[in-house]
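Have a look at the structure below, then the notes.
Naming convention: chains lettered A, B, ... in sequence-line order (proteins, then strands); numbering from 1 in each chain. Atom set for the values below is all heavy atoms of this structure, side chains included, hydrogens, waters and symmetry mates excluded. Every value quoted in this text rests on a predicted model; they were computed, and no experiment measured them.
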Number of protein chains: 2
Amino acid sequence: MNDLSPTATRILDVAQDLIQKSGYNAISFNHIAEGVGIKKPSIVHHFPNKAALGRAVVVRYRETFTVALDSVQADPTKNALDVLALYFKPYTDIANTREKICLCGALAGEFMALPEEMKEEVASFFKQHLQWLRSILQAGKDDGVLGFCGPADAMAKLIFDALQGGLIVARATDEDGHLNGVIDELIKNIRPA
Amino acid sequence: MNDLSPTATRILDVAQDLIQKSGYNAISFNHIAEGVGIKKPSIVHHFPNKAALGRAVVVRYRETFTVALDSVQADPTKNALDVLALYFKPYTDIANTREKICLCGALAGEFMALPEEMKEEVASFFKQHLQWLRSILQAGKDDGVLGFCGPADAMAKLIFDALQGGLIVARATDEDGHLNGVIDELIKNIRPA
DNA sequence: GTCTATACAAAGATAGAC
DNA sequence: GTCTATCTTTGTATAGAC
């Protein structure tokens, strides 16, 4: 899945950066080309149209997380709280940029104006993360490391939605430490009583 | 603040509906004009440009909530849990449309691509709701109706971000009852132990 | 207050030279 | 693989008639 030319990779890099900042509909081939340092038609040589490029960005983003989630989950030396701390890290990294949010959070904000092939990828990203969180939470509850109330599924939704919403609200309000406050509060609510 | 002509009001109605579905950058005067049943240049007669129209939509949205929040908070017959239940109602209503999210949630997703005057209004909306929630939560904790852990400010952020994120994730995944599950989980975590 | 007509820029996309 | 040139559509905005 990594059979991408160096230029194609840089196009995806720039496109992802711009989408995380401004969304999909606000950006154009020209903006991306300028960031890469090439001209508009050169992009079409690597990706046939804007929707295909947009989809490729999400596919790569999703795969990066898939690998990371799997490897973290498979580590037997880490308990559920350790695993969750690792999961939160990319979110705080994004929040620290002050200009970006989650790629899929940005796209989901303009969901009804996305090409069909992008909608599917964004939805898959969300479902994948929700399922992964549910699995981690359930395991943590089973062995007593976690002690939240209610089913793991509901807490997974609360955590994931709070992270996505947290990034969006934090960027707009530009309040220092907003997301960290949310994460701390989440951790307080999943610890055993 | 309600000195708007009937046509101007309908323009705001249609524009708000479209933004909640598709965002600000995905829509145009043509889309709005079509929804209202007038021609493109007629919109400019009511709002000088797109940014002014966008700002007017957010200002009106914000004012509607301001009135509602104040009246709910001022009702002495309702305790903090009742007040929060009323606060959640508009969110579940939006989720039930299956196509919309919070107006300001949609705009915040493309925040860096918004005109400056819209950024300010969106930020104010978020800060206003966060402050209101903090106030309600603190009052509920003080008189024992609520029993969450940590400061009211952190729980206010968690609740608000989860609602905003919940709308976004619910629409993209199209899962029935997603937001209700999040709200139930929130309520479980703010009740006294 | 709404319209037709138009100006002007930017968008996505294609053709073909190098 | 990248470019210039071009096509077509759509976007915001303006001018001026009704």
Check your understanding: By a strict heavy-atom criterion of less than 4.0 Å, which residues belonging to residues 16-43 of chain B are in contact with DNA chain C?
Key -> B/I38, B/K39, B/P41, B/S42
Exercise for review: For C/dT2, take OP1 and OP2 only and decide whether either is under 4.0 Å from a side-chain N or O of B/H45.
Suggested key: no
Exercise for review: Sort out for me which residue in B/F125, B/Y87, B/F160, B/F126 forms a ring pair (Phe, Tyr, Trp, His ring centres under 6.0 Å) with B/W132.
Suggested key: B/Y87
Point to revise | Gap separating the OG1 atom of B/T7 from the CG atom of B/L12, nearest 0.5 angstrom | key: 11.0 Å
Practice item. Scan residues 109-119 of chain B against DNA chain C and write down, sorted by residue number, each residue with any heavy atom closer than 4.0 Å; if none is found, say none. Key: none
Exercise for review: Check salt bridge (charged side-chain N to carboxylate O under 4.0 Å, His left out) between B/E175 and all other residues, then give those that pass, not counting sequence neighbours.
Suggested key: A/K157
Exercise for review: Decide whether B/S42 and B/H45 meet the rule of one side-chain donor and one side-chain acceptor closer than 3.5 Å.
Suggested key: no
Study note, to complete from the structure: Here the distance between atom P of C/dT2 and atom CZ of B/F47, to the nearest Å, is 12 Å
Point to revise | Pair A/Q138, A/D142: side-chain N/O donor-acceptor within cut-off below 3.5 Å | key: yes
Review point. Under the salt bridge (charged side-chain N to carboxylate O under 4.0 Å, His left out) test, which residues partner B/K141, sequence neighbours left out?
Key: none
Study note, to complete from the structure: The salt bridge (charged side-chain N to carboxylate O under 4.0 Å, His left out) partners of A/R134 (sequence neighbours excluded) come to none
Study note, to complete from the structure: With sequence neighbours left out, the residues meeting salt bridge (charged side-chain N to carboxylate O under 4.0 Å, His left out) with A/D75 are A/K78
